[in-house]
*Asks:* 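Handing you a structure now.
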There are 2 protein chains.
Amino acid sequence: MYNFNMCEKFKNLKNTEYDIALLLNKKGILSANELQEILKVDKATIYRNLKSLIKKNIIRKVSAKKSFYELNCNIHNPIHPHFECIKCNKIYCLKPLSAEDTINISRYTNFEIHSIDIKIKGTCDECKSMDN
Amino acid sequence: MYNFNMCEKFKNLKNTEYDIALLLNKKGILSANELQEILKVDKATIYRNLKSLIKKNIIRKVSAKKSFYELNCNIHNPIHPHFECIKCNKIYCLKPLSAEDTINISRYTNFEIHSIDIKIKGTCDECKSMDN
DNA sequence: AACTTATTTGCAACTTAGTTGCATTTTATG
DNA sequence: CATAAAATGCAACTAAGTTGCAAATAAGTT
Ligand SMILES: [Mn+2]
Ligand SMILES: [Mn+2]
Ligand SMILES: [Zn+2]
Ligand SMILES: [Zn+2]
């Protein structure tokens, strides 16, 4: 486990922003609903704070069947592809993309690139073992 | 332009399923709303037909800020990454992923892979030229 | 501390994508 | 034509996310 204090950006956070960052640090990746259930604050508060955390570049949104959120601190959690299980809709964080693969993918467009989201869909081992 | 009849799967389509496939063939990629506005049928009909077309493997869903749909016929439209403009939310279809890049990406997980969705986000040229 | 201002929150109302049940219409089949 | 199956429209619903506004909390000033 990484030390939460290693990420400079977290120092100035307050109130629900801090609570969310702390929870994401502990749990890895969570949906807005999961955050709300744990923190027991209004969903407007959750979404407003998620937005401001994204604007501050502290978290990022992972779009799947529903949206998930995870920390965006380089020390803790570099950008990586995700695996989405088509049976249970669970999201698995994969190991970060290599520099070579990142460059290769970025060659597919000439537009100005802001981020590269790779989502591999399939069946996770847990769900595969339940098939018959 | 490809000939619509080249894709075997389209032969047995009827009613709204056929209308949707025909429109996607012509326009490339459309949202459920865009389809509804053009075809002037109830949105339940749109979504029901989109679902059955996906189940028949004739179209695929492209998840962005909102969902888009495009043909899934190999002759017409092999699987490819997408560019999503963070300003105008427009979706651009990119050239298909090379076999090498596909294999490289598939190595990031050991789970059973069903599909690989690559979405590059950034600013399209049109929106970039409007900045100041 | 007391006063004032800015920030954060809860609540309720709203929007939008997508789903579902059910009655009606359309299409297929003998 | 008669009957069954499939497709559609309609309305009500769910779930994620947004927004206005008033109340509460925190921060800054004398
Ligand atoms: Mn992740
Ligand atoms: Mn496409
Ligand atoms: Zn699973
Ligand atoms: Zn754009």
Side-chain angles (χ1 to χ4, degrees), chain A residues 9-24 27 29-56 58-70 82 84-91 117 119 121, chain B residues 9-24 27 29-56 58-70 82 84-91 117 119 121:
Chain A
K9 294 172 182 171
F10 300 165
K11 297 254 168 78
N12 298 325
L13 298 185
K14 45 204 160 170
N15 305 323
T16 307
E17 274 189 356
Y18 182 81
D19 295 341
I20 289 174
L22 202 65
L23 247 178
L24 292 181
K27 304 265 188 170
I29 186 164
L30 292 169
S31 66
N33 261 347
E34 290 168 330
L35 286 164
Q36 197 196 346
E37 277 168 19
I38 298 171
L39 295 179
K40 295 186 196 340
V41 292
D42 192 80
K43 67 172 176 167
T45 302
I46 293 286
Y47 283 111
R48 276 188 288 237
N49 281 286
L50 286 173
K51 273 206 165 177
S52 79
L53 284 166
I54 289 171
K55 190 151 64 185
K56 289 175 183 174
I58 291 163
I59 67 168
R60 57 178 170 265
K61 190 202 274 206
V62 177
S63 298
K65 183 147 193 182
K66 62 200 244 189
S67 294
F68 290 82
Y69 304 86
E70 63 182 1
H82 290 101
E84 180 182 14
C85 178
I86 56 178
K87 297 276 172 70
C88 67
N89 298 318
K90 197 175 163 189
I91 297 290
D117 292 357
K119 195 167 51 185
K121 290 188 199 174
Chain B
K9 294 171 182 172
F10 299 168
K11 296 253 167 82
N12 298 324
L13 299 184
K14 45 202 160 171
N15 305 324
T16 306
E17 275 189 356
Y18 182 81
D19 294 341
I20 289 174
L22 202 65
L23 247 178
L24 292 181
K27 304 266 189 170
I29 186 164
L30 292 168
S31 67
N33 262 347
E34 291 168 329
L35 286 164
Q36 198 197 344
E37 278 168 18
I38 299 172
L39 296 180
K40 294 186 196 337
V41 292
D42 192 79
K43 69 173 177 167
T45 302
I46 293 286
Y47 283 112
R48 275 188 287 237
N49 281 285
L50 286 173
K51 272 206 164 176
S52 78
L53 284 166
I54 288 170
K55 192 152 61 183
K56 290 176 183 173
I58 291 164
I59 67 168
R60 58 177 168 263
K61 190 202 274 206
V62 177
S63 298
K65 184 148 194 181
K66 61 200 245 187
S67 294
F68 291 82
Y69 304 86
E70 64 182 1
H82 290 102
E84 179 181 14
C85 178
I86 56 178
K87 298 278 171 66
C88 68
N89 298 318
K90 197 176 163 187
I91 297 290
D117 292 357
K119 194 165 54 186
K121 290 188 197 172

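Not measured: the values here are computed from a predicted model. Labels below follow one simple rule: chain letters A, B, ... track the order of the sequence lines, proteins then strands, and each chain is numbered from 1.
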*Asks:* Would B/Glu70 and B/Arg60 count as a salt bridge (Lys or Arg N to Asp or Glu O under 4.0 Å) if you check the C-alpha gap in whole Å, the side-chain angles of each, and the deciding distance to 0.1 Å?
*Replies:* CA-CA 6 Å; B/Glu70 64 182 1; B/Arg60 58 177 168 263; 2.8 Å; yes
*Asks:* For nucleotides 24-29 of chain C, give me one character per nucleotide, 5' to 3': B if any protein heavy atom sits under 4.0 Å from the base, S if the only such contacts are to the sugar-phosphate, - if neither.
*Replies:* ------
*Asks:* With respect to the phosphate group of D/dA7, does any side-chain polar atom (N or O) of B/Thr16 fall under 4.0 Å of OP1 or OP2?
*Replies:*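 No, B/Thr16 has no side-chain N/O under 4.0 Å of OP1/OP2 on D/dA7.
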*Asks:* May I have the distance from A/Leu35 (atom CG) to C/dT9 (atom P), rounded to whole angstrom?
*Replies:*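 In whole Å, C/dT9 P lies 14 Å from A/Leu35 CG.
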*Asks:* Begin from the C-alpha positions of A/Leu35 and A/Leu50 and carry the test side-chain contact (heavy atoms from CB on, under 4.5 Å) through to its verdict.
*Replies:* CA-CA 10 Å; A/Leu35 286 164; A/Leu50 286 173; 3.8 Å; yes
*Asks:* Apply salt bridge (charged side-chain N to carboxylate O under 4.0 Å, His left out) to B/Asp19 and list each qualifying residue two or more places apart in sequence or on a separate chain.
*Replies:*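 Scan of B/Asp19 (salt bridge (charged side-chain N to carboxylate O under 4.0 Å, His left out), adjacent residues dropped) gives none.
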*Asks:* Please report the closest heavy-atom contact between B/Phe68 and B/Ser31, naming both atoms and the distance.
*Replies:* CD2-N, 3.7 Å
*Asks:* Is it true that a side-chain atom of B/Lys119 and a backbone atom of B/Ser63 form a donor plus acceptor pair closer than 3.5 Å?
*Replies:*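 Flag set: sc B/Lys119 to bb B/Ser63 pair under 3.5 Å.
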*Asks:* Any salt bridge between B/Lys56 and B/Glu17, counting N to O under 4.0 Å?
*Replies:*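 A salt bridge links B/Lys56 with B/Glu17.
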*Asks:* Can you check the A/Leu13 CG to C/dT7 C1' distance for me, whole Å?
*Replies:*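 Going from A/Leu13 (CG) to C/dT7 (C1'), I get 15 Å.
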*Asks:* Tell me: CD1 of B/Ile20 to C1' of D/dA7, nearest whole Å?
*Replies:*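 From B/Ile20 CD1 to D/dA7 C1': 12 Å.
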*Asks:* Once rounded to the nearest 0.5 Å, what's the spacing between atom CG of B/Leu53 and atom NZ of B/Lys61?
*Replies:*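 So the gap between those two atoms works out to 13.5 Å.
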*Asks:* With sugar-phosphate meaning primed atoms plus P, OP1 and OP2, does B/Phe68 contact a base, only sugar-phosphate, or nothing at under 4.0 Å between heavy atoms?
*Replies:* nothing
*Asks:* Yes or no on side-chain contact (heavy atoms from CB on, under 4.5 Å) for B/Asn33 and B/Lys66, after CA distance, side-chain angles and deciding distance?
*Replies:* CA-CA 10 Å; B/Asn33 262 347; B/Lys66 61 200 245 187; 4.3 Å; yes
*Asks:* If you compare every side-chain N and O of A/Tyr18 against the phosphate oxygens of C/dT8 (OP1, OP2), does one of them come in below 4.0 Å?
*Replies:* no
*Asks:* Which nucleotide in the set C/dG10, C/dA17, D/dA16 lies at the smallest distance from any side-chain heavy atom of A/Val41?
*Replies:*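 For A/Val41, the side-chain atoms sit closest to C/dG10.
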*Asks:* Start with the C-alpha distance between A/Val41 and A/Asn49, add both sets of side-chain angles, then the distance that settles side-chain contact (heavy atoms from CB on, under 4.5 Å), and finish with yes or no.
*Replies:* CA-CA 11 Å; A/Val41 292; A/Asn49 281 286; over 6 Å; no
*Asks:* Give me the residues of residues 42-55 of chain A where at least one heavy atom lies under 4.0 Å from an atom of DNA chain C, by number, or none.
*Replies:*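 Close to the strand are A/Asp42, A/Ala44, A/Thr45, A/Arg48, A/Asn49.
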*Asks:* Can you check the B/Asp19 CG to D/dA7 P distance for me, whole Å?
*Replies:*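 After rounding, the reported distance stands at 13 Å.
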*Asks:* What is the separation between atom CD on A/Gln36 and atom P on C/dT9, rounded to the nearest whole Å?
*Replies:*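 One finds 13 Å between P of C/dT9 and CD of A/Gln36, rounded.
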*Asks:* Please state how far atom NZ in A/Lys65 lies from atom C1' in D/dA16, giving the value in whole angstrom units.
*Replies:* 14 Å
*Asks:* Grab the NZ-P distance between B/Lys40 and D/dA7 for me, whole Å please.
*Replies:* 23 Å
*Asks:* Can you tell me if the side-chain N/O atoms of B/Ser67 get under 4.0 Å from OP1 or OP2 in C/dG18?
*Replies:* yes
*Asks:* Starting at CD of A/Glu34 and ending at C1' of D/dG17, how long is that distance when rounded to a whole Å?
*Replies:* 16 Å
